[in-house]
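Notes follow the structure.
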Amino acid sequence: ATTLGAAAAGSGRYFGTAVSLSKLGDSTYSTILDREFNMITAENEMKWDTIEPSRGSFNFAPADSIVSHASAHGQRMRGHTLVWHSQLPSWVSSITDADTLRSVMNNHITTAMTHYKGKIYAWDVVNEAFADGSTQLRSSVFENVLGNGFVEEAFRTARNADPSATLCYNDYNIENWFDAKTQGVYSMVKDFKSRGVPIDCVGFQSHFGTSGPPASFQTTLSNFAALGVDVQITELDIAEASTTAYTDTVRACLNVARCTGITVWGIRDSDSWRTGENPLLFDNSGNKKPAYGAVLTALGGR
Ligand code: G3I
């Protein structure tokens, strides 16, 4: 295999990227996208502030354009994201009544998932709900008004809306097995599995520094997988795109049977949210960087 997507497919996995609608018309960008990647995450277009900017008024057009692109090019989609404290319109974050917020949250999940029913392989149902350096949920309008139960409620609502979608919990800084946040998420998933709360997957964002993944990353992936969920690397980028760090990351996934795929968070360095860190696989001109070769080789391609 000579592309990331084809090489990943050799072991039954996908290789994806975040896509920004505003760049689809850039032929350098779209050429790489359609040659290399077989999974797409909308970088911003499926977030709450875009799809429901005011209560009950839905704007699916930007995300629809990305979904159409994916479908025209044989790419699958990850849905990102339904319940998140960030990029949340103020009409939601200012709700103080629990019944109102519960109904707003469930309507948002149901409307978005129904709109895309059958077109989204996996949804990040809840994103970044845990506090940094802690085993507990972070403060957010959802936590403050609804309590810890909002996460479970979101997943139950999501399962009803599209029973065939893979339902994921997605977060950052949960890659090191020895971090409190990792343990908090692990306990939640274990509890959900034991009580039959519908969860199918955990997404590890994997925004790494120059040294790459923690030494325990593969252990973390396999411990979560042992709970009976898929694990996915959902937003990978690595400062200065160290070849060793990228290789270690890919190997950790390939060594875990239930690690179903890897998504990098953008195509060229100039597409990255990490300005000045050169964390991606293609340079600003769209040339393959050494990290590209490292990833392709690690995936079994050449
Ligand atoms: O679209 C507006 C534009 O109209 C306006 O002129 C401009 C001025 O600031 O802002 C534009 O919006 C920006 C948006 O990206 C689209 O480009 C926002 O300011 C900017 O904050 C937003 O950043 C995104 C960030 O999430 C927001 O939290 C990044 O592109 C996106 O890569 C990043 O992705 C997140 C994941 O969703 C969750 N995990 C962490 C990851 C990195 O932060």
Side-chain angles (χ1 to χ4, degrees), residues 1-47 50-51 60-81 115-116 118-124 165-166 168 203 205-206 232-238 241 246 249-250 253-254 259-274 278-302:
T2 59
T3 65
L4 302 171
S11 68
R13 294 177 171 85
Y14 64 82
F15 205 94
T17 182
V19 163
S20 185
L21 175 59
S22 63
K23 293 170 187 161
L24 277 184
D26 170 343
S27 65
T28 303
Y29 182 88
S30 58
T31 298
I32 299 170
L33 170 63
D34 300 333
R35 185 186 68 219
E36 300 287 343
F37 298 98
N38 51 24
M39 184 72 74
I40 287 176
T41 305
E43 187 170 2
N44 289 292
E45 293 80 354
M46 280 191 196
K47 294 172 179 177
T50 298
I51 70 172
F60 290 116
D64 285 355
S65 297
I66 295 179
V67 172
S68 307
H69 181 100
S71 128
H73 295 88
Q75 295 146 328
R76 290 186 292 164
M77 291 285 312
R78 296 191 77 267
H80 176 77
T81 176
H115 181 82
Y116 291 114
K119 297 182 176 172
I120 306 275
Y121 154 65
W123 272 103
D124 291 333
T166 294
C168 305
Q205 293 185 11
S206 305
Q232 302 175 350
I233 295 175
T234 52
E235 304 182 11
L236 178 63
D237 47 25
I238 302 178
Y246 264 107
T249 306
V250 172
C253 179
L254 294 188
C259 182
T260 52
I262 300 173
T263 295
V264 288
W265 206 242
I267 296 178
R268 301 161 299 193
D269 287 333
S270 49
D271 300 317
S272 174
W273 68 294
R274 297 173 70 172
N278 308 310
L280 296 175
L281 303 179
F282 295 86
D283 70 17
N284 296 353
S285 305
N287 300 307
K288 296 169 180 173
K289 293 167 60 183
Y292 172 94
V295 169
L296 184 66
T297 303
L299 289 170
R302 47 181 294 223

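Sequence positions, counted from 1, serve as the residue numbers for this chain.
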Any side-chain heavy-atom pair of Thr28 and Arg268 under 4.5 Å: yes
Considering all heavy atoms, the nearest His80-Met46 contact: O-CB, 3.2 Å
Leu24 vs Leu33 side-chain heavy atoms within contact, under 4.5 Å: yes
Note, Asp237 side chain near Leu280 side chain (heavy atom, < 4.5 Å): yes
Minimum side-chain heavy-atom gap Ile66-Met77 below 4.5 Å: yes
Residues forming a salt bridge (charged side-chain N to carboxylate O under 4.0 Å, His left out) with Asp283, sequence neighbours excluded: none
Spacing of CD1 belonging to Ile238 relative to OG1 belonging to Thr249, to within rounding of 0.5 Å: 4.0 Å
Verdict with reasoning, Val250 to Leu299, per side chain to side chain contact (heavy atoms under 4.5 Å, CB included): CA-CA 7 Å; Val250 172; Leu299 289 170; 3.6 Å; yes
Donor-acceptor under 3.5 Å (Tyr246 side chain, Ala298 main chain): no
Geometric class of the His115/Phe60 ring pair [parallel <30°, tilted 30-60°, perpendicular >60°]: parallel
Under 3.5 Å donor-acceptor, Glu45 side chain and Leu21 backbone: yes
Main-chain N/O of Gly266 paired to Thr17 side chain as donor or acceptor, under 3.5 Å: yes
No-hydrogen, no-angle side-chain donor-acceptor test under 3.5 Å, Arg13 and Ser11: yes
Pair Val264-Leu4, side chain to side chain contact (heavy atoms under 4.5 Å, CB included): steps then yes or no: CA-CA 11 Å; Val264 288; Leu4 302 171; over 6 Å; no
Sidechain-backbone polar pair: Ser68 side chain, Asp64 backbone, donor-acceptor under 3.5 Å: yes
Met39 and its side chain to side chain contact (heavy atoms under 4.5 Å, CB included) partner, picked from Gln232, Arg78, Gln75: Arg78
Any donor-acceptor pair under 3.5 Å from Asp269 side chain to Asn284 backbone: no
Contact check, side chains of Asp271 and Glu43, non-hydrogen atoms, under 4.5 Å: no
Side-chain donor or acceptor of Ser285 paired with backbone N/O of Asn287 under 3.5 Å: no
Within 6.0 angstrom of Lys23 NZ, more than 12 heavy atoms from elsewhere: yes
Where Trp265 and Ala18 come nearest, the two heavy atoms and their spacing: CE3-CB, 3.4 Å
Approximate separation, where rounding is to 0.5 Å, of Tyr292 OH and Thr3 OG1: 6.0 Å
